[in-house]
Amino acid sequence: MLVNAYGAHAGDQPLQPLQITRRAPGAHDVQIDIAFCGICHSDLHQVRAEWQGTQFPCVPGHEIVGRVAAVGVHVHGFRPGDLVGIGCIVDSCKHCADCEDGLENYCDGMIGTYNFPTPDAPGWTLGGYSQQIVVHERYVLRIRHPEEQLAAVAPLLCAGITTYSPLRHWNVGPGKKVGVVGIGGLGHMGIKLAHALGAHVVAFTTSDAKREAALQLGADEVVVSRNAEEMAAHAKSFDLILNTVAAPHNLDAFLVLLKRDGTMTLVGAPATPHDSPNVFNLIMKRRTLSGSMIGGIAETQEMLDFCAEHGIVADIELVRADQINDSYERMLKGDVKYRFVIDNATLAG
Ligand code: NAP
Ligand code: ZN
């Protein structure tokens, strides 16, 4: 089946309209008409070949929401018309310890929604900047938000789960002090989720202009990280710092804000490495520096249900497909509140 999509033929070329094929749904597959797809900074890293191994043509997009169009004969959990989502994972080995623990995101055989090997043409997966996608039912999420919120639900499928998973893993809740570094797509969800989980939330931003907005998002305090005095006021006080920054920066400036046994977890994935932190900042207070990648399917469903229950969605700016390249430039300048979402109806031609 031929569908319209938006993608790039090389890392130094803009995205443009193209056509791709989707497989006919197999017995366990769900075929989805994509209504909206969020624009994640990872899409930009991948399509511009900032990360290694990008296959072209590359069609990004892993914050997918839409309606079920058809299901295979053995699919019993979904029916045509259901509101569903697809995040960053479309397949995994299904039997390793990680898959059995519901942490398919850490399976060595995880297949990402774009740029991962697949028997389908052209040999690598193609993502959600497209009209339709066909995915094994195991990786399909149910959306329980009201339909009018659907576009703003899309970013939960990556930005939401990538921040929810570490917040839950490190037991964030009442009595915990949590820092969120970088108020972009991931960071703004991190603030909303940490607040909803009951933590005391401090937002760190490089942009003085985001101060007021961070409070509106649910932060209890805001620190402009370039201001040494403001930073020093929080020394040795955090249980967890969730660092979403998409560029290399000074990690020590944040490590010294952790209290004894505190953890900073990196979810931002810059194209070039950070300078190594000063080990004394880890040794002195038994601090931990860690990382976290998206989340498993079960916890993604848990996050979606938590958000539906608490009325949480992303703050978005809806764009047409022909605005994707411009949206990338604006994302790089931090000129987005706080996630661009593509209206996939504009791929119709
Ligand atoms: P984004 O919307 O561009 O937000 C990143 C934020 O980081 C910016 O808004 C900015 O916030 C801050 N920032 C940017 N450049 C900076 C610099 N040079 N120094 C300090 N702060 C800077 O990006 P995103 O979509 O949230 O993604 C963030 C990163 O997470 C990307 O690298 C992405 O690939 C990665 N990611 C990882 C996972 C995972 O599973 N681990 C999943 C999704 C995305 P302020 O203006 O507030 O400073
Ligand atoms: Zn993403």
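Throughout, residue positions are numbered sequentially from 1 according to the sequence presented.
Enclosure of atom CE in M284 is not indicated, since only 12 or fewer non-hydrogen atoms of other residues, nucleotides or ligands lie within 6.0 angstrom. Atom NZ of K94 has more than 12 heavy atoms from other residues, nucleotides or ligands within 6.0 Å. Within a 6.0 Å sphere centred on CZ of R226, other residues, nucleotides and ligands contribute 12 heavy atoms or fewer. The neighbour count for H195 NE2, taken as heavy atoms of other residues, nucleotides or ligands under 6.0 Å away, does not exceed 12. Counted within 6.0 Å of CG on D275, heavy atoms from surrounding residues, nucleotides or ligands total 12 or fewer; the atom is thus considered open. In D335, the CG atom is crowded: over 12 heavy atoms of neighbouring residues, nucleotides or ligands sit closer than 6.0 Å.
When the side chains of ILVMFWY residues are joined at heavy-atom separations under 4.5 Å, either directly or via intervening members, L258 and L242 end up in two distinct hydrophobic clusters. No path of Ile, Leu, Val, Met, Phe, Trp and Tyr side chains, each step under 4.5 Å between heavy atoms, connects V245 with L240, placing them in separate hydrophobic clusters. Both M293 and L103 are assigned to one and the same hydrophobic cluster, defined by single-linkage of ILVMFWY side chains at heavy-atom distances under 4.5 Å. Linking ILVMFWY residues whenever their side-chain heavy atoms come closer than 4.5 Å, directly or via other members, places V256 and L282 in the same cluster. Note: the hydrophobic cluster containing V90 also contains M303 (ILVMFWY, side chain heavy atoms under 4.5 Å, direct or indirect links).
The structure places OH of Y6 at 6.0 Å from CD1 of I324, a figure rounded to the nearest 0.5 Å. For the atom pair OG1 of T162 and CE of M189, the computed distance is 10.5 Å after rounding to the nearest 0.5 Å. In this structure, F306 CZ and L156 CG are separated by 11.5 Å, a value rounded to the nearest 0.5 Å. W124 contributes atom CH2, which lies 10.0 Å from atom CZ of F56 (distance to the nearest 0.5 angstrom). Rounded to the nearest 0.5 angstrom, E100 CD and C93 SG are separated by 8.5 Å. Within the model, atoms CD1 of I64 and CG of L141 stand 11.0 Å from one another, a figure rounded to the nearest 0.5 Å.
Between Q131 and D33, the closest side-chain pair of non-hydrogen atoms is not below 4.5 Å. Considering only heavy atoms from C-beta on, I297 stays 4.5 Å or farther from N105 through its side chain. Side-chain contact between T113 and T125: absent, with no pair of heavy atoms (C-beta onward) separated by less than 4.5 Å. For the pair M264 and R287, the minimum side-chain heavy-atom distance is 4.5 Å or more. Taking 4.5 Å as the limit, every side-chain heavy atom of V84 sits out of range of all side-chain heavy atoms of R142. With contacts defined as side-chain heavy-atom distances shorter than 4.5 Å, the pair L193/H310 does not qualify. Side-chain contact between S290 and W170 is present, with heavy atoms from C-beta onward closer than 4.5 Å. Proximity of S237 to K259: side-chain heavy atoms (C-beta onward) are nowhere separated by under 4.5 Å.
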Could you walk me through whether H41 and L332 satisfy the side-chain contact (heavy atoms from CB on, under 4.5 Å) test, starting with their C-alpha distance in whole Å, then the side-chain angles of each, then the deciding distance to 0.1 Å, before giving a yes or no?
CA-CA 8 Å; H41 207 115; L332 282 174; 3.9 Å; yes
List the steps, then state whether side-chain contact (heavy atoms from CB on, under 4.5 Å) holds for V134 with I32.
CA-CA 6 Å; V134 178; I32 299 159; over 6 Å; no
Would E329 and R48 count as a salt bridge (Lys or Arg N to Asp or Glu O under 4.0 Å) if you check the C-alpha gap in whole Å, the side-chain angles of each, and the deciding distance to 0.1 Å?
CA-CA 12 Å; E329 293 310 316; R48 293 195 173 173; 2.6 Å; yes
Let's go through T206 and I183 carefully: what are the C-alpha distance in whole Å and the side-chain angles of both, what is the deciding distance for side-chain contact (heavy atoms from CB on, under 4.5 Å) to 0.1 Å, and is it a yes or a no?
CA-CA 9 Å; T206 55; I183 311 176; over 6 Å; no
Evaluation steps, side-chain hydrogen bond (donor to acceptor under 3.5 Å, both in side chains), between Y129 and D43:
CA-CA 10 Å; Y129 299 3; D43 301 352; 2.7 Å; yes
Walk me through whether Y164 and E302 qualify under side-chain hydrogen bond (donor to acceptor under 3.5 Å, both in side chains).
CA-CA 10 Å; Y164 182 83; E302 179 189 304; 2.5 Å; yes
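A salt bridge is defined here as a Lys NZ or Arg NE, NH1 or NH2 lying under 4.0 Å from an Asp or Glu carboxylate O, and R144 with E309 fails to meet this definition. Using a 4.0 Å cut-off between charged nitrogen and carboxylate oxygen, D82 and R67 do not count as a salt-bridge pair. Contact check on D261 versus R286 returns a salt bridge, with a Lys/Arg side-chain nitrogen under 4.0 Å from an Asp/Glu carboxylate oxygen. No salt bridge links E221 with K177; every basic N to acidic carboxylate O contact stays at or beyond 4.0 Å. Residues D120 and R23 are paired through a salt bridge, judged by an N-O separation under 4.0 Å between the basic side chain and the carboxylate. Residues R320 and D343 are not paired through a salt bridge, judged by the lack of any N-O separation under 4.0 Å between the basic side chain and the carboxylate.
A154 and E63 make their closest contact through O-CB, 3.2 Å (heavy atoms, listed as atom of the first residue, atom of the second, distance). The heavy-atom pair separating D315 from K192 by the smallest distance is OD1-NZ, 2.6 Å. Between V336 and M331, the shortest heavy-atom contact is CG1-CA, 4.2 Å. Heavy atoms only, all atoms of each residue included: G185 and A159 are closest at O-CB, 3.6 Å.
In this structure, F204 and H234 have perpendicular ring planes: the angle between them is above 60°, well past the 30° mark. Relative ring orientation between H28 and H74 is described as tilted, the plane-to-plane angle lying within the 30° to 60° band.
Using modelled atom types, one finds no donor on one side chain facing an acceptor on the other under 3.5 Å when comparing S92 with R138. For the residue pair N278 and D252, no side-chain donor N or O sits within less than 3.5 Å of a side-chain acceptor on the partner.
Here the rule is salt bridge (charged side-chain N to carboxylate O under 4.0 Å, His left out) with E317, and of K337, R339, R330 only R330 fits it.
Within the 3.5 Å criterion, the main-chain N or O of V47 finds no donor-acceptor partner in the side chain of T54.
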